[in-house]
Amino acid sequence: VAALGIEDLGKGDSRKLLEHFTLSELLTASPEQIKALYGFGELTARRIAAGMRQKEPVVRHLLALGFVLRPTGAAQPMSAENPFRGKHLVFTGKMSGSREAMQEQARAVGALVQSSVNAKTDFLICGQNVGASKLARAEQLGIPLVQEEEYLRLLGA
């Protein structure tokens with residue numbers, strides 16, 4: 001959604017919107033519906049709603065041409081048994097695969113991915129060569145450390 005070039009709509013806000021709306025619902029969402037979500041003000045909500053309406057023909061055309069827009073958030077079913085759903089995660093260290101892919105996978109199951117450890121962080125997911133500052137901060141705050149292998153096992157991947 002962020003790639004559509006709508007004013008005031010970046011990747012983070014796009015993820016927030018897709019946690020509450022499918023892409024089809026977002027195309028017709030009102031400013032009031034968007035403003036009702038945490039973190040969206042009146043001006044931003046109006047710009048996003050207007051921008052989505054303006055881009056609706058483009059999105060529908062892309063879909064008609066067979067473009068596959070990967071579902072996220074509300075559009076993707078999430079397992080209620082997933083231990084990371086609704087949890088704040090930080091990834092650190094070298095992962096066996098792409099860290100970005102792991103972060104997207106976490107978002108797809110309802111986790112909230114952070115870039116740094118803070119009081120809201122629920123788990124620090126650790127690969128090889130863990131970042132010393134993230135590890136120290138997690139230990140200081142009593143945040144559980146989860147090794148990459150354990151994380152993937154719990155995720156069911």
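Being a predicted model, the structure only gives us computed values, none of them experimental.
By the rule that hydrophobic residues join a cluster once side-chain heavy atoms approach within less than 4.5 Å of another member, Val109 and Val90 end up as members of separate clusters. At a threshold of 4.5 Å between side-chain heavy atoms, the hydrophobic network of Ile, Leu, Val, Met, Phe, Trp and Tyr places Leu141 and Val146 in two separate groups. The hydrophobic cluster containing Ile143 does not contain Val113, counting ILVMFWY residues as joined when their side-chain heavy atoms lie under 4.5 angstrom apart, directly or transitively. By the criterion of side-chain heavy atoms lying less than 4.5 angstrom apart, applied directly or through intervening Ile, Leu, Val, Met, Phe, Trp or Tyr residues, Leu89 is not grouped with Leu145; the two fall into different hydrophobic clusters. Follow the hydrophobic side-chain contacts under 4.5 Å out from Phe40 and you never reach Leu43; the two are in separate clusters.
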Step by step, would you call Thr92 with Leu135 a side-chain contact (heavy atoms from CB on, under 4.5 Å)? CA-CA 8 Å; Thr92 188; Leu135 184 60; over 6 Å; no
Assess the residue pair Arg15 and Val1 against the criterion (side-chain contact (heavy atoms from CB on, under 4.5 Å)); give the C-alpha distance rounded to whole Å, side-chain angles, the decisive distance to 0.1 Å, and a yes or no. CA-CA 8 Å; Arg15 284 187 194 107; Val1 176; over 6 Å; no
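Think of Leu112 as one node in a network of Ile, Leu, Val, Met, Phe, Trp and Tyr side chains linked at under 4.5 Å; it has no links at all.
Annotation: Gln128, atom CD; neighbour count of heavy atoms from other residues, nucleotides and ligands within 6.0 Å does not exceed 12.
Scored by the side chain to side chain donor-acceptor pair (under 3.5 Å) test, Gln54 finds no partners at all (sequence neighbours excluded). Every residue was checked against the side chain to side chain donor-acceptor pair (under 3.5 Å) condition with Ser115, not counting sequence neighbours, and none meets it. The salt bridge (charged side-chain N to carboxylate O under 4.0 Å, His left out) check on Lys16 picks up Asp13, with sequence neighbours excluded.
Residue pairs meeting the salt bridge (Lys or Arg N to Asp or Glu O under 4.0 Å) criterion with at least one partner in residues 49-63, sequence neighbours excluded, are Glu56-Arg60.
For the atom pair Glu7 CD and Leu9 CG, the distance stands at 10.5 Å (nearest 0.5 Å). Atom CD of Gln33 sits about 5.0 Å away from atom CZ of Phe21, to the nearest 0.5 Å. The CZ atom of Phe91 lies 10.5 Å from the NZ atom of Lys134; values are rounded to the nearest 0.5 Å. Here the OG-CG distance, from Ser14 to Leu26, works out to 8.0 Å after rounding to the nearest 0.5 Å. Note that CZ of Arg99 is 10.0 Å distant from NZ of Lys94, once rounded to the nearest 0.5 Å. Rounding to the nearest 0.5 angstrom, the gap separating the CD atom in Glu32 from the CZ atom in Arg46 is 10.0 Å.
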Tell me which donor-acceptor pairs under 3.5 Å the side chains of residues 119-127 have, and how far apart each pair is, sequence neighbours excluded?
residue	atom	partner	partner atom	Å
Thr121	OG1	Gln114	OE1	3.1
Thr121	OG1	Asn118	N	3.0
Thr121	OG1	Asn118	O	3.2
Asp122	OD2	His88	N	2.7

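Note on ring orientation: taking the six-membered ring where Trp is involved, the planes of Phe84 and Tyr151 are tilted (angle from 30° to 60°).
Nearest heavy atom pair, residue Ala49 against residue Ser30, reads CB-C, 4.1 Å.
Using a 4.0 Å cut-off between charged side-chain N and carboxylate O, Glu104 and Arg107 make a salt bridge.
Within the 4.5 Å cutoff, the side chain of Ser96 has heavy atoms near those of the Glu148 side chain.
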